[in-house]
Amino acid sequence: MMKKNYAEALNLRVFEQIKDTAKNLGYPTYVIGGFVRDLLLGKENPKDIDIVCKGSGIDLALKVAENLDSKIEVNYFKNFGTAMFKYHDVEYEFVGARKESYRSDSRKPIVEDGTLEDDQKRRDFTINALAISLNESDFGTLVDPFDGLKDLENGIIRTPLEPEITFSDDPLRMMRAIRFACQLGFQIEDSCFQAIGKVANRLPIISQERVITEVNKMILSDRASLGFKLMEKTGLLKEFFPEFIALKGVEIRDGRGHKDNFYHTLEVLDNVCKESDDLWLRWAAIMHDIAKPPTKRFDKKVGWTFHGHEFLGSKMVPKLFRRLKLPLNDSMKMVKKLVKLHLRPIVLAQEVVTDSAIRRLLFDAGEDLESLLILCEADITTKNEYKSKKYRDNYRLIREKLKDVEERDQIRNWQPPIDGHEIMKTFGLGQGREIGIIKTRIREAILEGDITNDYQEAKNLMLKIGVELGLKQQS
């Protein structure tokens, strides 16, 4: 059983200063929320700490900061009654205890001053409603009106109040429940889980930016696939990512079926998670087969096919990123590239494969080659041991071929030795189609092995192409 006084753990100078300042102001004050939860779980190095007081959180924050260091900058928001400052790389947020009530058409609460228990009632889960006193009379004492400590010990996620009302008031809490299940390995209490299913259709009143923040935290956890299984089961997933739901199910025709691509994708995601904590590689795993539903066809000779799903999938990536409010930057481009290329490497395992095919993959994958290979190996989900071993042996062969050609030709992250500026200078050209033609032919000649990746050979070819195009070399 966990102990119930934590004075020894509150040995930060900030807590002592809060205790003294709160006493002088006459504000009963407590540390609450995630810091307390993680402290009880034995986790250290907090990034942020929430302080609640019966009084003005802004006044308390300003006084504490002044007493700690006059140079500390305090950011405060009068409309919300909150204040925040950073001290020794930890963010401290102060708020006055409050109670909340909600209208049915909005997740913005009506806020009034309240007691500590009122403030604990408005918290999302009992494990996040735990508070520890920072008052001189009972410093370090745990305040736990909703048995959060017991839920923490039993690994249970439960709401302090009626779950259907809690989730309906603030639908983001449904996503947070699943996120904590992924991060902590806890179970969502039955009535809470059922309540999520009943009010999942209220999720769209939450901004997509806040939803995707929770999803990304799930994906970065050690149990990423669990998040998607729970979101699918409760109906949350279809509210913001129906394309992923479309992967679910098996269709059988003439006695032939295909695998369930929803669960296959989650297996691939789990496999990637074992090898990499890169969020965008994990997103590539999630989206690698996203275009299988629209490309699914049945052929009486070969059965089910998904021809071109990698190309259509890569085109879908920017649209999905835009709608999901994921960044439209190099991370999106990486995911798009990996989706497009994820079927390419396995072809290279054939005994007869040209060096030019290997060069092209090195060139196309560039700095994302290792991520691509991780994704491709993660895509091996067959339960047939013979097939699994064969596929993995093939990828070892692929890696050897890629390494051999890369060492000889240095194609990865390669730029052709002749650039557009030199072509323009050589032939006295302005912008025009001839530059693109020459650059493309030089690049293709190197990739095909017609010339080596050498400046002089590339220059000689440039001059030859110039003659063909009727261009005059400048003296």
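Taking CD from E377 and CD1 from I346, the interatomic distance works out to 9.0 Å, rounded to the nearest 0.5 Å. H264 contributes atom NE2, which lies 4.5 Å from atom CG of D289 (distance to the nearest 0.5 angstrom). Note that CD1 of I51 is 9.5 Å distant from CD1 of I32, once rounded to the nearest 0.5 Å. A distance of 12.5 Å separates CG in D355 from CZ in R360, rounded to the nearest 0.5 Å.
For CD of E162, the number of neighbouring non-hydrogen atoms (other residues, nucleotides, ligands) closer than 6.0 Å is greater than 12. Heavy-atom neighbours of K296 NZ from other residues, nucleotides or ligands within 6.0 Å: above the threshold of 12.
Looking at E444 and D450, their side chains never come closer than 4.5 Å, going by heavy atoms from C-beta outward. Contact annotation: the side chain of D170 approaches that of I206 to within less than 4.5 Å [non-hydrogen atoms, C-beta and beyond]. Inter-residue side-chain proximity for F244 and L266 is flagged as met; some heavy-atom pair is nearer than 4.5 Å. Side chains of I165 and T159 form no contact here, defined as non-hydrogen atoms less than 4.5 Å apart. Looking at Q194 and E164, their side chains never come closer than 4.5 Å, going by heavy atoms from C-beta outward.
With respect to the salt-bridge test (charged N to carboxylate O, under 4.0 angstrom), the residues R359 and E448 do not qualify. The pair K274-D270 does not meet the salt-bridge criterion, since no charged nitrogen lies less than 4.0 angstrom from a carboxylate oxygen. Residues E468 and R441 are paired through a salt bridge, judged by an N-O separation under 4.0 Å between the basic side chain and the carboxylate. Using a 4.0 Å cut-off between charged side-chain N and carboxylate O, K340 and D364 make no salt bridge.
No hydrogens or angles considered: nothing links the side chains of N271 and E275 as a donor-acceptor pair under 3.5 Å. Between the side chains of T305 and D299, no donor-acceptor pair of N or O atoms lies under 3.5 Å. When only modelled atom types and interatomic distance are considered, D379 and H342 share no side-chain donor-acceptor pair under 3.5 Å. For the 3.5 Å distance criterion, the side chains of Y30 and Q120 fail to qualify, holding no donor opposite an acceptor.
Remark: side-chain polar atoms of K383 are paired, donor with acceptor, to backbone N or O of T381 under 3.5 angstrom.
Closest non-hydrogen pair, H258 versus V250, comes out as O-CG1, 3.0 Å. Taking both residues in full, the closest heavy atoms of L130 and L149 are given as CD2-N, 3.6 Å, listed atom of the first, atom of the second, then distance. Heavy atoms only, all atoms of each residue included: R282 and S221 are closest at NH1-O, 3.2 Å. Here the closest heavy-atom approach between residue S331 and residue W280 is recorded as OG-NE1, 3.2 Å. Contact detail for P160 and D124: the closest heavy-atom pair is CD-O, 3.3 Å. Between E232 and I245, the shortest heavy-atom contact is CG-CD1, 3.6 Å.
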**Asked** Between K319 and E243, does a salt bridge (charged side-chain N to carboxylate O under 4.0 Å, His left out) hold up when you go through it step by step?
**Response** CA-CA 12 Å; K319 297 175 184 176; E243 294 85 356; over 6 Å; no
**Prompt:** Can V14 and I49 be said to form a side chain to side chain contact (heavy atoms under 4.5 Å, CB included), step by step?
**Reply:** CA-CA 11 Å; V14 178; I49 296 176; over 6 Å; no
**Prompt:** So E267 and K259, salt bridge (charged side-chain N to carboxylate O under 4.0 Å, His left out) or not? Walk me through it.
**Reply:** CA-CA 12 Å; E267 280 191 75; K259 61 191 170 189; over 6 Å; no
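Tested against W283 for a side chain to side chain contact (heavy atoms under 4.5 Å, CB included), the candidates V272, V339, L269, V215 yield a single pass: V215.
A distance below 6.0 Å separates the ring centres of F15 and F35.
Taking A181 as the reference, I157, I188, L230 meet the side-chain contact (heavy atoms from CB on, under 4.5 Å) condition, with sequence neighbours excluded.
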